[in-house]
Amino acid sequence: MNNNLPKTYNPLDFEDRIYEKWMEKGYFKAKVNPNKKPYCIVLPPPNITGQLHIGHALDHSLQDVLIRWKRMQGYEALWQPGTDHASIATEVKVVEKLKESGLTKKEIGREEFLKHAWNWKEKYGGRIVEQMKKLGDSCDWSRERFTLDETCSQAVLEVFIKLYEKGLIYRGNRIINWCPVCKTSLSDAEVDHEEKSGNFWHIKYPVVDSHEFIEIATTRPETMLGDTAVAVHPEDERYKHLIGKTLMLPLMNREIPIIADEYVDKEFGTGAVKITPAHDPNDFEIGLRHDLPQIVVMNDDATINEKGGKYSGMDRYQARKQVVKDLEELGLLAKVKDHSHSVGQCYRCNTVVEPVTSLQWFVKMESLAKPAIDAVKERKIKFVPERYSKIYLHWLENIQDWCISRQLWWGHRIPAYYCEDCQEVIVSKSKPQICGKCKGKEFKQDEDVLDTWFSSALWPFSTLGWPQETEELKYFYPTNVLVTGYEIIFFWVVRMAFSGLEFMDEVPFEHVFIHGIVRDQEGRKMSKSLGNGVDPLEIIDEYGADALRFTLLTGNSLGNDMRFHIEKLESSRNFANKLWNATRFVLMNLDVDKFNNDEISLNVADKWIISKLNRLIKEATENMEKFEIGLAAQKLYDFIWSEYCDWYIELAKPRLYGENLQNRRTAQYTLTHVLENILKLLHPFMPFITEEIWGTMPTVKGDIIVSEWPQYNEANISTDAEEEMTIIMSIIKNIRNVRAEMNVVPSKKAKMIVITTNDNSKRIIEAAKQFFTTLASVSEIQYLEGKETIPSDAISIVVEGAEIFIPLDDLVDFKKEIERLQKEKEKLEAEIKRGEGRLSNEGFLKKAPPELVEEEKKKQDKYQQMLNTVLERLESIENRG
RNA sequence: GGGCAAUUAACUCAGCUGGUAGAGUGCUUCCUUGACGUGGAAGAAGUCAGGGGUUCGAGUCCCUUAUUGCCCACCA
């Protein structure tokens with residue numbers, strides 16, 4: 001009866017159905033509920049351009065585990081989902097798509113382009129959401145948000161204007177990173193640095209009205225077209241006499257000054273630096289200090305512009321070659337050295353970025369960074385693992401102003417308007433009616449959009465309705481945990497931290513739970529170019545979502561990268577199958593749906609497994625609280641497979657098959673009770689299979705997703721039962737061991753002759769009679785007082801408190817048996833020696849905890865007794881000849 | 001140049017506040033026992049990278065060396 005489970009575990013049969021059930025019943029929905037404590041995680045919004053990859057699978061599995069766990073613990077658990085418009089990434093895709101139909105952005109214009117982009121969003125933006133459902137993500141989809149939707153856009157406007165009014169947003173001509181392919185500015189965080197080998201060109205600049213030269217060294221000779229000075233260290237004896245004089249800039253034939261600046265390192269290169277304020281961040285600063293002109297020599301596609309003389313029109317690298325060649329011809333190229341240096345690249349298209357001065361919008365970071373730094377130092381925000389707080393702090397302590405304008409169309413358009421008449425800048429939520437300065441009425445909005453991270457920085461509160469003062473915001477903010485990979489601490493975590501503090505006056509989350517990345521089995525980063533990526537959807541199709549989740553959640557420690565192995569996936573799938581079949585067994589042997597208390601009488605095995613279960617509940621819960629999700633999962637795995645399946649189910653069988661009703665009921669009860677708890681504990685990790693199994697259990701009601709997380713109960717801990725079972729299991733293992741060594745097949749039953757050395761062990765062994773029969777192929781047990789009548793062909797097993805003989809007819813090879821006993825003897829002697837070492841150490845006796853000393857003494861006695869028994873046995877066999 | 005990880009069984013990795021080294025996979029032998037062969041039983045396999053130190057006791061704490069990987073940094 002009661003067994004609706006098919007014989008083999010096939011996740012495809014039920015995962016989608018289970019997810020639909022959860023959705024229909026609205027279990028993921030969270031609401032403001034004053035009777036419950038809130039628990040909230042905001043999902044790092046995936047890009048609408050994205051497909052679910054294995055990194056999401058890890059990130060989401062962790063979040064789903066936490067949310068499901070807290071939901072079961074009785075919290076009002078909100079996992080707030082949504083997607084990111086991903087300004088630059090999406091725009092690149094849309095441009096590519098236009099290109100396929102032979103169109104360009106410029107041709108179709110802003111409005112038409114945005115239509116295409118929104119179409120893209122409608123078409124592909126939901127794709128990743130559907131994929132997340134396959135994983136089992138229990139997000140409150142009714143609250144799904146999008147960074148470009150109405151509320152989020154209101155939040156962006158509000159923030160921009162407030163920061164502007166506070167003077168924390170400004171427009172200025174500063175050096176920024178320019179991507180010549182995406183044709184937009186980038187923030188510092190959006191530039192990847194890669195060490196590349198290149199050249200160091202030494203170039204001679206002639207001093208005007210002199211025969212002297214100053215030799216400078218550069219890695220980017222083409223930038224000399226925009227040089228406006230050469231700098232030396234004020235104390236440099238080599239150049240001191242030249243400070244204030246001018247140089248003739250070769251190729252351009254422009255006079256530039258020789259200036260002194262402490263920035264210059266006398267020891268590096270030639271000690272003289274060409275200064276190109278428009279194309280280098282350091283030079284830019286020097287340029288400001290010395291009031292040097294900035295000459296931008298490049299167009300937005302990194303070709304040389306009209307300021308570059310004869311090089312105008314050339315690509316930057318072509319120009320580099322030509323410049324070098326021309327210098328060589330003029331005899332001004334002193335030498336070329338190999339030099340490796342780090343080159344900045346666009347994080348979207350990998351093009352080498354060009355530093356260039358440009359009129360952009362910036363966020364002034366200093367005053368915003370301060371509270372964000374304090375929040376972590378004062379542990380209002382706690383990183384898990386702790387070490388990542390260093391990365392966060394280091395970045396914030398060295399932060400530069402944030403360039404937030406992008407020369408793109410897809411995104412939040414900057415709410416700045418320029419008066420057509422007087423160019424006055426007005427920052428406002430909507431187009432102004434009249435210019436306060438000149439009373440002009442025509443305005444043009446700034447063409448640029450905001451950095452995509454500007455809106456994601458507001459995610460923890462914009463998703464909850466801010467700037468409206470919603471109930472949700474009051475209830476769920478600050479959120480509890482943010483789960484994300486270490487690679488976006490700078491992009492996102494930092495910015496959410498200061499935004500939350502600035503606008504909500506409170507940290508956005510208490511914990512930042514950082515995980516590593518999933519690598520391929522050789523330890524390489526997964527990438528499109530290597531083609532070594534793993535598609536989680538294919539994995540789910542083959543192994544099921546539960547197996548994928550379990551694989552990602554186990555076997556690595558906090559914050560570290562992990563390798564992805566198919567073997568591990570198989571092992572997770574096998575684990576699910578194991579649980580599946582254990583349930584089949586339990587249900588197959590269950591013939592009631594309710595238990596009567598007077599029918600239950602727990603034996604030692606029942607007490608043991610219940611005791612172990614309670615320890616598991618305690619430990620797993622503690623692990624979860626410390627975010628040690630992998631450890632918790634590992635403990636569940638071990639308990640389910642080794643203790644519950646391999647031992648307890650086997651121990652329960654004799655009673656299930658026996659005549660005694662009370663015994664049968666008790667075994668059924670314990671099996672069911674433990675299984676129910678196992679399923680609950682495992683549910684956050686493997687939600688589908690646990691829900692499916694739960695649904696077939698006649699003893700439970702409702703759905704497991706909303707069941708109560710098991711509570712540790714100290715009254716269920718039985719150290720007596722645990723100790724007894726240790727002895728029983730050790731006897732069983734020993735018997736199996738010697739039988740295996742002697743090649744005795746299990747079907748061959750054997751008698752077990754027991755001589756006990758104390759009453760307690762006799763009681764234990766007697767009570768465990770059935771266990772030996774079934775688990776160790778024992779036919780009967782015979783108790784003897786003395787050794788006289790022991791058959792000569794028996795092998796001997798020595799355990800604590802007893803000597804056990806297994807007569808094996810002619811199968812015993814006495815030579816082998818002696819060898820075995822010798823080994824046993826050596827083992828015990830080694831133990832005793834180690835114990836003696838400890839106990840004869842005065843320091844140990846004095847300083848070690850007394851319980852430990854006591855335990856050690858007990859062990860000594862035990863081993864000594866066992867050794868004596870072994871020695872006796874050896875002697876008796878040898879005497880026999 | 002700084003910072004952070006990692007180094008444990010053949011492979012991939014656990015090992016929390018220091019108390020006699022664990023798992024999965026693989027390997028060897030056996031088992032068609034009434035949940036499961038996606039299984040069961042038994043077994044072999046580790047100077048916990050090297051060297052110091054603290055401690056009664058160190059894989060675990062401290063110092064140091066080596067190797068590998070990652071992050072940050074304006075030395076042109």
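Relative orientation of the Y388(A) and Y486(A) rings is parallel, given thresholds of 30° and 60° on the angle between their planes. Taking the six-membered ring where tryptophan is involved, the planes of Y644(A) and F639(A) are essentially parallel, since the angle between them stays under 30° and well short of 60°. By the 30° and 60° cut-offs, the orientation of the rings of F513(A) relative to F627(A) is tilted.
Between N574(A) and S571(A), the side chains place no donor N or O within less than 3.5 Å of an acceptor N or O (distance only, hydrogens not considered).
In this model, the phosphate group of rA35(B) is approached by a side-chain N or O of Y657(A) to a distance below 4.0 Å at OP1 or OP2. Within the structure, a side-chain polar atom (N or O) of K653(A) is placed less than 4.0 Å from OP1 or OP2 of rA35(B). At the phosphate of rC72(B), neither OP1 nor OP2 sits under 4.0 Å from any side-chain N or O atom of N398(A).
Contact check on R220(A) versus E354(A) returns a salt bridge, with a Lys/Arg side-chain nitrogen under 4.0 Å from an Asp/Glu carboxylate oxygen. A salt bridge links R820(A) to E817(A): at least one charged side-chain nitrogen sits closer than 4.0 Å to a carboxylate oxygen. Taking a cutoff of 4.0 Å between a charged side-chain nitrogen and a carboxylate oxygen, E650(A) and K653(A) qualify as a salt bridge. Here D261(A) pairs with R289(A) in a salt bridge; the nearest charged N to carboxylate O distance falls below 4.0 Å.
Set against rA76(B), rA41(B), rU38(B), the side chain of N574(A) has rU38(B) as its closest nucleotide.
Rounded to a whole Å, the CD atom of E285(A) is 15 Å from the C1' atom of rA76(B). Rounded to an integer number of Å, the gap from R736(A) CZ to rC31(B) C1' is 12 Å.
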Nucleotide-resolved protein contact map, nucleotides 10-21 of chain B, B/S/- at heavy-atom distance under 4.0 Å: --SSSSS--BB-
Which nucleotides of RNA chain B pair, in dot-bracket form (Watson-Crick or G-U under 3.5 Å, | meaning another strand): (((((((..((((.....[..)))).(((((.......))))).....(((((..]....))))))))))))....
Output one line per pair: protein atom, nucleotide atom from nucleotides 59-62 of chain B, and distance, for all N/O pairs under 3.5 Å.
none

